[in-house]
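So that the names make sense, note that chain A is the first sequence line, chain B the second, and so on, each numbered from 1. The figures here come from the full heavy-atom set of this structure, side chains too, leaving out hydrogens, waters and symmetry mates.
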2 protein chains.
Amino acid sequence: MSPPPSTDGWTLDSQLAADTVPLGELALSSIRLVNDSQFPWVMLVPRRPGAVDLIDLSAADQALLAAEIDRIARALKAVTACDKLNVAALGNVVPQLHVHVIARRKNDLAWPKPIWNVAPALPYAPDALADTCAALRAAIDFDKAA
Amino acid sequence: MSPPPSTDGWTLDSQLAADTVPLGELALSSIRLVNDSQFPWVMLVPRRPGAVDLIDLSAADQALLAAEIDRIARALKAVTACDKLNVAALGNVVPQLHVHVIARRKNDLAWPKPIWNVAPALPYAPDALADTCAALRAAIDFDKAA
């Protein structure tokens, strides 16, 4: 897969790049799977240089991001049949604006707490990583218009 | 202040009501201050009966919620001069859809971790609660159209 398109000088933060694998590109956001097999966890990274907080996006971009979050959340729920979705823009460690969408199960490692700082990431085995990416790409259907 | 309007049978969850105090009403959401003096923390609760996840809202409501999150986040930043905003819809404990908007400082109790499960809530002293609510209500400017 080609790297995310550079939009007016935007480049993916190196820590986010190291923690994730690319799924594809939507109109606003690079879509990445977080490489932690303990939680089905997708990240949206709006390709807007310098954006740190949601309020740094224009109103139009905020509406577009809401639609992309909806699309990712529905795909994640369809693939995982999860009990709950968690959506968050935190960014206290990596400032580049990014949004977490996580499929939660009532028997997962962290339930009912938030997933952060519960356990170190456990990367997927290669086959599981490929299968997870394939299932999510099919559900997100990147070729379909928003 | 009058209780939040009931919208087609929506009523505020009792746990959310117990943890927060009312700030006012926007077109979609009841706006509440979380009564924890350790973090400037506002909650948006969309008045849509049965909504649990963001994907339970219509596309129009999702766009409206994004605009209301922006309005609350800007007000919180203006009042607190915070270093970072955290925005999250989790709801693993209380299912009724609610969105947290939290003003973070680099010297706050939990930084850089998320605020949940770091320390028990420490309610505001009465004067501080009144002052915080007044400052936030002025910054949110509920009488102004969206």
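In this structure, the portions of Val52(A) lying under 4.5 Å from any heavy atom of chain B include both its backbone and its side chain. Ala59(A) does not touch chain B: none of its heavy atoms, backbone or side chain, sits under 4.5 Å away. Contacts of Lys77(A) with chain B are made by side-chain atoms alone, with heavy-atom separations under 4.5 Å and no backbone atom involved. Proximity to chain A (any heavy atom under 4.5 Å) is shown, for Arg74(B), by both the backbone and the side chain.
Linking Ile, Leu, Val, Met, Phe, Trp and Tyr whenever their side-chain heavy atoms come within less than 4.5 Å puts Leu54(A) and Leu26(A) in one cluster. One hydrophobic cluster holds both Val79(B) and Leu129(B) under the rule that ILVMFWY side chains link at heavy-atom gaps under 4.5 Å. Hydrophobic clustering of Ile, Leu, Val, Met, Phe, Trp and Tyr side chains at less than 4.5 Å, counting indirect connections, unites Val101(B) with Phe142(B). Taking hydrophobic clusters as Ile, Leu, Val, Met, Phe, Trp and Tyr residues chained together by side-chain heavy-atom distances below 4.5 Å, Ile115(B) shares a cluster with Leu109(B). At a threshold of 4.5 Å between side-chain heavy atoms, the hydrophobic network of Ile, Leu, Val, Met, Phe, Trp and Tyr places Val99(A) and Val99(B) in one connected group.
In terms of heavy-atom proximity, Lys113(A) sits nearest to Asn117(B) at CG-OD1, 3.5 Å.
Between chain A and the residues Val93(B), Ile69(B), Val87(B), the largest count of heavy-atom pairs under 4.5 Å involves Val87(B). Among Pro114(B), Ala63(B), Ala67(B), the residue making the largest number of heavy-atom pairs under 4.5 Å with chain A is Pro114(B). Of all the listed residues (Ala73(A), Gly91(A), Pro95(A)), the one sharing the greatest number of non-hydrogen pairs under 4.5 Å with chain B is Gly91(A).
Using a 4.5 Å heavy-atom cutoff, the side chains of Asn86(A) and Asn92(B) are in contact. The closest side-chain heavy-atom distance from Lys84(A) to Leu90(B) is not below 4.5 Å.
For the atom pair CG of Asp83(B) and CG of Asp53(A), the computed distance is 10.0 Å after rounding to the nearest 0.5 Å.
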